[in-house]
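Working notes, structure below.
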Amino acid sequence: MPELPEVETIRRQLSKEIVGRRVSSVDVFFAKRLNVSTKKFIGEVSGRRVRDVRRRAKVLLIDLSGGLTMAVHLKMTGRLLFTKKADAPTKHTHLVFGLSGGRRLMFEDVRKFGWVRLFETATIEDSLIGPMGLGPEPFDDAFTPESLAKCLSSRGNSRIKPLIMSQRCVVGSGNIYTDEALWKARIRPDRKAGTLTRQETNRLHAEIRSVLKEAIKRRGSSVDDYVDAYGRPGTYETKHEAYGRGGEKCARCGGLIRKIRLGGRGTHYCPKCQK
DNA sequence: GTGGCCCTGTGA
DNA sequence: TCACAGGGCCAC
């Protein structure tokens, strides 16, 4: 699924295309990933105007008029796509929103891990975001080398990659970007978090920001079939140095990139230059 | 902390 | 037929 760069790309596109528009119709084709009944979902969302499109970690927050927020998590294979009226729903279409001005927005998800949930805007922090136990946004001032060092030492026995992926020390970096940031910082993914030196922690902090920033610029990575809201793939995968490069030569030292399993996830690193 | 699990599709 | 795939929650 989309990690932060992909979700942020979609957020920006939605922000540009749907803010100010009114929801003129709602069609529900698959309701199991909603937190309310189909009837309630249609009744609540229909007729409201889109006020803002925000993001916290990998969750999209679509604020509607009247104090309602529609939260969307794309998980592994969820998509939000602008569609034409003539486009028929596919077997993976969960929701279709008609919007004023002739716009249409579709939510689809092959693996059905993604969800769409309604909350009162005022309570979203307490009811949704808070319980997720999220760390700071990577580009917030709150994410510093010091905050990272503190978080790593508080979970010193965890391996660094699963800890970064847990969203606890910083949000937004998933399986791809964690492998990339660790490669750039020259840190092995299976290092215990508590063993990182201050210098390594500083590098990791900088590289998490750098990788995510560059990936946003390139509208994310399309390893398999991710596309943005316009249906276009991202272009950052051409920049991947570790992820998906098992068996290839390391661009930095010429060693062979190795693929292992760590925390149940495919993990790519260079045993020669990542320490 | 680690592994299983929620699902479906794809490629070896 | 089986392992694996951009996530994250929940039970051991």
Side-chain angles (χ1 to χ4, degrees), chain A residues 1-11 29-35 55-60 71-80 90-94 107-117 127-135 151-182 189-195 208 211-212 215-216 218-229 232-240 242-247 259-268:
Chain A
M1 110 82 187
E3 303 179 34
L4 183 144
E6 292 77 19
V7 178
E8 176 61 17
T9 297
I10 291 167
R11 188 199 68 77
F29 299 94
F30 184 80
K32 282 203 177 67
R33 301 301 286 164
L34 306 178
N35 67 336
R55 178 188 58 73
R56 174 70 172 110
K58 301 170 190 170
V59 184
L60 281 164
V72 181
H73 201 310
L74 301 171
K75 292 290 184 88
M76 299 285 258
T77 52
R79 291 174 165 180
L80 282 167
T90 71
K91 62 187 292 195
H92 304 304
T93 303
H94 294 206
F107 173 68
E108 63 175 33
D109 187 356
V110 169
R111 291 177 72 180
K112 299 184 168 74
F113 292 171
W115 46 252
V116 176
R117 298 175 186 168
S127 49
L128 175 68
I129 303 298
M132 294 176 78
L134 300 171
C151 188
L152 298 191
S153 63
S154 77
R155 286 287 181 283
N157 214 28
S158 302
R159 290 163 307 180
I160 187 66
K161 177 181 174 178
L163 182 57
I164 295 301
M165 282 187 66
S166 76
Q167 313 294 296
R168 184 183 188 98
C169 298
V170 60
V171 302
S173 188
N175 204 36
I176 293 177
Y177 297 112
T178 305
D179 277 3
E180 292 301 302
L182 287 168
D190 56 357
R191 280 274 297 281
K192 298 274 181 156
T195 69
I208 288 169
V211 163
L212 293 177
I216 291 170
R218 292 171 175 271
R219 302 190 334 274
S221 302
S222 294
V223 169
D224 191 1
D225 55 4
Y226 161 78
V227 292
D228 65 18
R232 295 184 304 175
T235 66
Y236 189 76
E237 69 278 5
T238 63
K239 309 285 279 186
H240 292 176
Y243 186 87
R245 293 196 173 278
K259 182 175 183 186
I260 61 170
R261 280 195 92 69
L262 192 54
R265 313 303 297 268
T267 297
H268 316 70

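Quick note on labels: first sequence line is chain A, next is B, and so on, each numbered from 1.
Among the protein residues, A/Asp179 comes within range of no part of the nucleic acid, since none of its heavy atoms lies under 4.0 Å from any strand. Within 4.0 Å of A/Arg265, counting heavy atoms only, lies at least one base atom of the nucleic acid. Contact annotation for A/Gly114: no contact, since no heavy-atom pair falls under 4.0 Å across all strands. Among the atoms of the strands shown, none is found under 4.0 Å from any heavy atom of A/Lys192. Residue A/Gly264 is out of contact with every strand shown, counting any heavy-atom pair closer than 4.0 Å.
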- Item | Secondary structure of DNA chain B in dot-bracket form (Watson-Crick or G-U wobble, distances below 3.5 Å, | marking inter-strand pairs) | ||||||.|||||
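In the displayed structure, A/Arg56 atom CZ is contacted under 6.0 Å by more than 12 heavy atoms of other residues, nucleotides or ligands.
By the 4.5 Å heavy-atom criterion applied to side chains, A/Val223 and A/His240 are counted as neighbours.
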- Task: Go along nucleotides 6-12 of chain B 5' to 3' and tag each nucleotide: B for a protein heavy atom under 4.0 Å from its base, S when only backbone or sugar atoms are that close, - otherwise.
- Result: BBBS---
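Rounded to an integer number of Å, the gap from CG of A/Leu4 to P of C/dG8 is 11 Å. One can place OH of A/Tyr243 at 10 Å from C1' of C/dC4, the figure rounded to the nearest angstrom. The OH-C1' distance, from A/Tyr226 to C/dG7, rounds to 15 Å in whole Å. In this entry the distance linking CG of A/Leu134 with P of C/dC9 reads 8 Å, nearest Å. Rounding to whole angstrom units, CD of residue A/Gln167 and P of C/dG7 are separated by 8 Å. Atom CD1 in A/Ile164 sits roughly 16 Å away from atom C1' in C/dG7 (whole-Å rounding). Going from atom OH of A/Tyr177 over to atom C1' of C/dG7 covers 14 Å, rounded to whole Å. With rounding to whole Å, A/Met76 atom CE is found 17 Å from C/dA3 atom P.
Closest to the side chain of A/Arg159, from the set C/dG8, B/dT2, C/dA5, is B/dT2. Proximity note for A/Ser158 (side chain, C-beta onward) versus B/dG1, C/dC4, C/dG8: the nearest is B/dG1. Each of C/dG7, C/dC9, C/dA5 was ranked by its minimum atom distance to the side chain of A/Met132; first place goes to C/dC9. When each of B/dG1, C/dC4, B/dT2 is scored by its nearest atom to the side-chain atoms of A/Arg261, the top-ranked nucleotide is C/dC4.
Across all their heavy atoms, A/Leu182 and A/Lys161 have their closest contact at CD1-CB, 3.9 Å. Summarising the geometry of A/Asn175 relative to A/Glu3, their closest heavy-atom pair is N-OE2, 3.3 Å, with the distance given to 0.1 Å. In terms of heavy-atom proximity, A/Val227 sits nearest to A/Pro233 at CG1-N, 4.0 Å. Between A/Lys239 and A/Glu180, the closest heavy-atom pair is O-OE1, 4.0 Å.
Spacing between C/dC10 and B/dC7 at atom P, rounded to whole Å, works out to 15 Å.
In this structure, A/Tyr177 and A/Tyr236 have tilted ring planes: the angle between them lies in the 30° to 60° band.
Rounding to the nearest 0.5 Å places CD of A/Glu8 at 12.5 Å from CG of A/Asp228.
Side-chain contact annotation: A/His268 with A/Asp179, donor-acceptor N/O pair under 3.5 Å present.
Of the possible donor and acceptor atoms, none in the side chain of A/Glu108 sits under 3.5 Å from a partner among the backbone N and O of A/His94.
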